[in-house]
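Chain letters run A, B, ... following the sequence lines, proteins first and then strands; every chain starts at 1.
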Amino acid sequence: MTPPEIHAFFARLSAANPAPVTELAYGNGYQLLVAVVLSAQATDVGVNKATRRLFELVHTPAQMLELGEEGLKAHIRTIGLFNSKAKNVIALSHRLVAEFGGEVPDSRDVLETLPGVGRKTANVVVNVLFGQETCAVDTHVFRLANRTGLAPGKTPLAVENGIMKRVKAPWRRDAHHWLILHGRYVCTARSPKCGECAVADLCQFRGKALAAG
DNA sequence: ATCCCGAGGG
DNA sequence: CCCTCTGGAT
């Protein structure tokens, strides 16, 4: 996509969604961090269902430690990978209490040292919580960047760098959210709804058959 | 490259 | 049934 096309691409997505926000439910920074960790390979709807009760009881890492790993598992058993996620959330909560006064660090590099937190999760947290211009590349962003031709890349990091290089203000800050929403509801993995897509004319893919490659 | 692992959709 | 869903650690 050319620079003018990229501008038009986000202008239209933003028209459909002027102020995009994460669909994960949370009441404070710590809860957001936990929700994002839990969301790996899981739908936000499924995560919200599990955290609804959990976040009524647990608002701080100290409270999470009080609940304990088995107590946490009881709440998140319906989420995929719940075993390793429970272990990570407990370990991460220990570190927040011991090293950060129970607060969520505002640095991506520091966040990435926490158990269960990789680059994607750290990018989401600093973007949503602290307004930093990052673009987390999840399954949706990776798919759309390659499918549309916005920022092709073989790895998530390559796609992230491509987006950060090509996408300028005022789109960079929320590019992640627009791509997620569009990927979730229109440009879906299996049968993209090209017929009702606002940016189909800017897309290198359009209605090309998936099976044809 | 492989494992962790469950719900929902097609 | 198979694929997808805001991945991370080994």
Side-chain angles (χ1 to χ4, degrees), chain A residues 13 17 20-26 29 31-54 69-70 72-95 104 108-129 132-148 150-151 153-160 163-164 167 172-194 209-211 213:
Chain A
L13 293 187
N17 235 104
V21 292
T22 177
E23 294 187 343
L24 288 171
Y26 67 99
Q31 291 186 343
L32 173 72
L33 173 59
V34 172
V36 179
V37 169
L38 295 179
S39 72
Q41 298 299 101
T43 62
D44 60 338
V45 173
V47 172
N48 290 343
K49 190 182 297 183
T51 56
R52 177 116 187 153
R53 292 173 163 279
L54 176 66
E69 188 172 324
E70 291 308 313
L72 175 56
K73 280 185 189 176
H75 284 274
I76 66 172
R77 231 171 262 284
T78 53
I79 304 175
L81 316 181
F82 74 90
N83 225 323
S84 52
K85 286 175 183 174
K87 185 188 291 281
N88 284 333
V89 167
I90 294 298
L92 160 172
S93 299
H94 269 294
R95 285 203 54 205
V104 178
R108 182 176 69 192
D109 290 340
V110 173
L111 283 165
E112 278 193 74
T113 70
L114 297 174
V117 180
R119 187 180 182 91
K120 180 263 164 185
T121 297
N123 273 332
V124 174
V125 171
V126 296
N127 181 298
V128 173
L129 247 38
Q132 295 179 24
E133 286 192 347
T134 58
C135 185
V137 179
D138 55 38
T139 179
H140 292 302
V141 175
F142 187 78
R143 182 179 69 253
L144 266 69
N146 280 294
R147 180 184 283 172
T148 62
L150 169 67
K154 292 178 181 175
T155 67
L157 183 58
V159 168
E160 179 183 331
I163 288 174
M164 295 307 286
V167 181
R172 190 184 299 185
R173 176 55 158 65
D174 290 323
H176 159 77
H177 296 288
W178 283 312
L179 291 170
I180 295 280
L181 266 350
H182 193 61
R184 181 175 299 160
Y185 297 113
V186 181
C187 193
T188 50
R190 260 197 233 179
S191 41
K193 305 178 175 81
C194 299
L210 284 170

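- Separation of the P atoms belonging to B:dC4 and C:dT6 is 23 Å when rounded to the nearest angstrom.
- A sub-4.0 Å separation between OP1 or OP2 of B:dG8 and a side-chain N or O of A:K49 is present.
- Residue A:R143 contributes atom CZ, which lies 15 Å from atom P of C:dC3 at whole-angstrom precision.
- One interatomic measurement links the two molecules: CZ of A:R184 to P of B:dG9, which rounds to 14 Å at whole-angstrom precision.
- Between A:Q41 and the phosphate of B:dC5, there is no side-chain N or O to OP1/OP2 separation shorter than 4.0 Å.
- Rounding to whole angstrom units, OH of residue A:Y185 and C1' of C:dT4 are separated by 15 Å.
- Distance CG (A:L144) to P (C:dT6): 12 Å, rounded to an integer number of Å.
- Contact annotation for A:V141: no contact, since no heavy-atom pair falls under 4.0 Å across all strands.
- Of the possible polar contacts, one joining the A:R143 side chain to the A:G183 backbone as a donor-acceptor pair under 3.5 Å is found.
- Taking atom P in both B:dA7 and C:dG8, the straight-line distance is 22 Å, to the nearest Å.
- Considering only side-chain N and O atoms, A:N83 lies under 4.0 angstrom from the phosphate OP1 or OP2 of B:dC5.
- Put simply, CD on A:E112 is 8 Å from P on C:dG8, counting in whole angstrom units.
- When all heavy atoms of A:L179 and A:L144 are compared, the pair lying nearest together is O-CD2, 3.6 Å.
- Residue A:A189 places its side chain closer to C:dT4 than to any other of C:dG8, C:dT4, B:dG8.
- Side-chain atoms of A:T139 and base atoms of C:dT4 include no donor and acceptor less than 3.5 Å apart.
- For the OP1/OP2 pair of C:dC5 and a distance below 4.0 Å, the side-chain nitrogens and oxygens of A:H140 include at least one atom meeting the criterion.
- For the contact set between residues 73-82 of chain A and DNA chain B, defined by any heavy atom under 4.0 Å, the members are A:R77, A:T78, A:I79, A:G80, A:L81, A:F82.
- Here the SG-CZ distance, from A:C194 to A:R147, works out to 7.0 Å after rounding to the nearest 0.5 Å.
- At the heavy-atom level, A:P115 lies under 4.0 Å from the strands shown only through sugar-phosphate atoms.
- Taking atom CG on A:L24 and atom C1' on C:dG7, their separation rounds to 13 Å, with Å as the unit.
- Looking at which nucleotide of DNA chain C each of A:N88 and A:V21 is closest to, the 5′-most match is held by A:V21.
- For the atom pair A:T22 OG1 and A:I180 CD1, the distance stands at 8.5 Å (nearest 0.5 Å).
- Among the protein residues, A:L114 comes within range of the sugar-phosphate backbone only, with heavy atoms under 4.0 Å from sugar or phosphate atoms but none that close to a base.
- Between A:T22 and C:dT6 there is no side-chain polar atom (N or O) within less than 4.0 angstrom of OP1 or OP2.
- Along DNA chain C, the nucleotide nearest A:G183 and the nucleotide nearest A:T121 are compared for position; the residue whose nucleotide lies closer to the 5' end is A:G183.
- Atom CD1 of A:I163 is separated from atom C1' of C:dT6 by 13 Å (rounded to the nearest Å).
- For A:R190 and C:dC5, the shortest distance from a side-chain N or O to OP1 or OP2 is not below 4.0 Å.
- Using a 4.0 Å heavy-atom cutoff across all strands shown, A:G46 reaches no nucleic acid atom at all.
- Look at CG on A:D174: it is 15 Å from C1' on C:dT6, rounded to the nearest Å.
- Of the possible polar contacts, one joining the A:N127 side chain to the A:T134 backbone as a donor-acceptor pair under 3.5 Å is found.
- Remark: A:K73 NZ is packed, more than 12 non-hydrogen atoms of other residues, nucleotides or ligands lying under 6.0 Å away.
- Residue A:A136 is out of contact with every strand shown, counting any heavy-atom pair closer than 4.0 Å.
- A donor-acceptor pair under 3.5 Å is formed between the side chain of A:K85 and the backbone N or O of A:G80.
- Closest approach of A:Y26 and A:Q31 over heavy atoms only: C-OE1, 3.7 Å.
- Smallest separation of non-hydrogen atoms from A:P20 and A:L181: CB-CD2, 3.9 Å.
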